[in-house]
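As structure tokens, the structure follows; a few thoughts come after it.
Both backbone and side-chain heavy atoms feed into the values below; hydrogens, waters and symmetry mates do not. Note that this is a predicted model, so its numbers are computed, not measured.
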Protein chains: 2
Amino acid sequence: MPQPETNASAGEAAVSPWDGAADRIRAGGLRWTPQRRTLVEVLREREGHVTATELIARCRERDQTTTPSTVYRTLDLLEDLGLVKHGHGHDGREEYHILPQQVHGHLYCVGCGMTWEIRPETAAVIVDALASQLGFDVDLSHVTISGRCAGCHG
Amino acid sequence: MPQPETNASAGEAAVSPWDGAADRIRAGGLRWTPQRRTLVEVLREREGHVTATELIARCRERDQTTTPSTVYRTLDLLEDLGLVKHGHGHDGREEYHILPQQVHGHLYCVGCGMTWEIRPETAAVIVDALASQLGFDVDLSHVTISGRCAGCHG
DNA sequence: GTGTCAGCCGCAACTCGTTGCAATAGCAAA
DNA sequence: TTTGCTATTGCAACGAGTTGCGGCTGACAC
């Protein structure tokens, strides 16, 4: 009988980048452990950004024995594979971008506490300015820039 | 005989913004304590940026009993007075700008680990882009933007 | 000089994140 | 299925930063 769930190695392209994670990890001589599986399951249910603290909490819901150090180490590994990318919120805390695609940045309003995205077009203006004037190739997504939104200033 | 060291209250303008710190603190109903004096002494000997950890260490050199919580609380107070301004390094750690004057930002090169300043003119391009496109009034000095310098990419 | 009172200090405990180390357990080969 | 190598885990300890609380003390009034 046909198996309901085989994974990416069966010829066709993977449905999600997460499907290939286990194989990619093993391909590097690394190991696919229950702890890593749990974290990947948690991540594939989310989009956008998550704090490390939240990820640890969600892993704990599934597996009480989850320890922070394992989660942080696994996140480093997933970052090497390009599946997540770490950054820092306005207060310097860790934040992970899940499946980072487009170049974008984040703005935090110190007035209302909301977070806004810098769209790729706007990000390009900033990246170009620093490239042409200083020769610097910046990664806008690594930090959250603070300021005041239109509704909170003036 | 003329006194060699009187302070700002003697009619003429203060030589340094630090000279008025004690009076400004007291004027707000707050207190000028030995711990605050020590931190101000440490700060007035430095320029540019310092990490909180370094400030704590330097205060400890003068007064073994200095505790971190007092230093952090005093830094918050000095920030309210505009004498320092906190930000975050590339790794999210606290960094204090001493006597912040010009609008400038910081770049960190993930290749060589060096830190560079974004000059006011370049900063203006970025601030203007976000103001005109998103109505956001950003504070570039709050975080350190990561990237690769001219020598480390390409 | 003395008293009063609220602001401040130091402590202890906590959160977030990192690291060294001994023990466990993937996974591939036999 | 068993063996053996080593990547990975969990622990414990640490560094950075924050917070609540009881006691101390600066600053003002008398």
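The aromatic rings of B:H90 and B:Y108 lie parallel to each other, with less than 30° between the two planes, well short of the 60° mark.
Under the side chain to side chain donor-acceptor pair (under 3.5 Å) test applied with A:H49, the options A:K85, A:H106, A:E54 reduce to a single match, A:H106.
Looking at which nucleotide of DNA chain C each of B:R93 and B:S69 is closest to, the 5′-most match is held by B:S69. Nucleotides of DNA chain C nearest to A:Y96 and A:T33 differ in position, and the one nearer the 5' end is that of A:Y96. Each of B:E94 and A:T66 was assigned the nucleotide of DNA chain D with the nearest heavy atom; the assignment lying further toward the 5' end belongs to A:T66.
Between the side chain of B:R31 and the base of C:dA6, at least one donor-acceptor pair of N or O atoms lies under 3.5 Å. With hydrogens and angles ignored, a donor-acceptor pair closer than 3.5 Å exists between the side chain of A:R73 and the base of D:dG10.
With rounding to whole Å, B:D76 atom CG is found 12 Å from D:dG17 atom P. Residue B:L30 contributes atom CG, which lies 19 Å from atom P of D:dT25 at whole-angstrom precision. To the nearest angstrom, P of C:dT15 lies 17 Å from CD of A:E54. As a whole-Å value, the separation of B:H90 NE2 from C:dG17 C1' is 15 Å. Rounded to whole Å, atom P of D:dG10 lies 7 Å from atom CG of A:D63. One interatomic measurement links the two molecules: CG of A:D91 to P of D:dG17, which rounds to 12 Å at whole-angstrom precision. Taking atom CZ on B:R26 and atom P on D:dT25, their separation rounds to 18 Å, with Å as the unit. At whole-Å resolution of the value, CH2 in B:W32 and P in C:dC8 are 12 Å apart.
Within 4.0 Å (heavy atoms only), A:G92 reaches no atom of the nucleic acid at all.
Side-chain N/O atoms of A:R36 include one lying less than 4.0 angstrom from OP1 or OP2 on D:dT9. One finds no side-chain N or O of A:T67 lying less than 4.0 angstrom from the OP1 or OP2 phosphate oxygen of D:dT8. Put simply, A:Q35 has no side-chain N or O that comes within less than 4.0 Å of OP1 or OP2 on C:dG26. Listed pair A:Y72 / C:dT18 fails the phosphate criterion, with no side-chain N or O lying under 4.0 Å from OP1 or OP2.
Separating the CG atom in A:L75 from the CG atom in A:D80 is a distance of 11.0 Å, to the nearest 0.5 Å.
Proximity of a side-chain donor or acceptor of A:H104 to a complementary backbone N or O of A:E117 within less than 3.5 Å is not detected.
Taking every side-chain heavy atom of A:P34 into account, C:dG26 is the closest of C:dG10, D:dA27, C:dG26.
Remark: aromatic rings of A:H86 and A:H142 are close, center separation under 6.0 Å.
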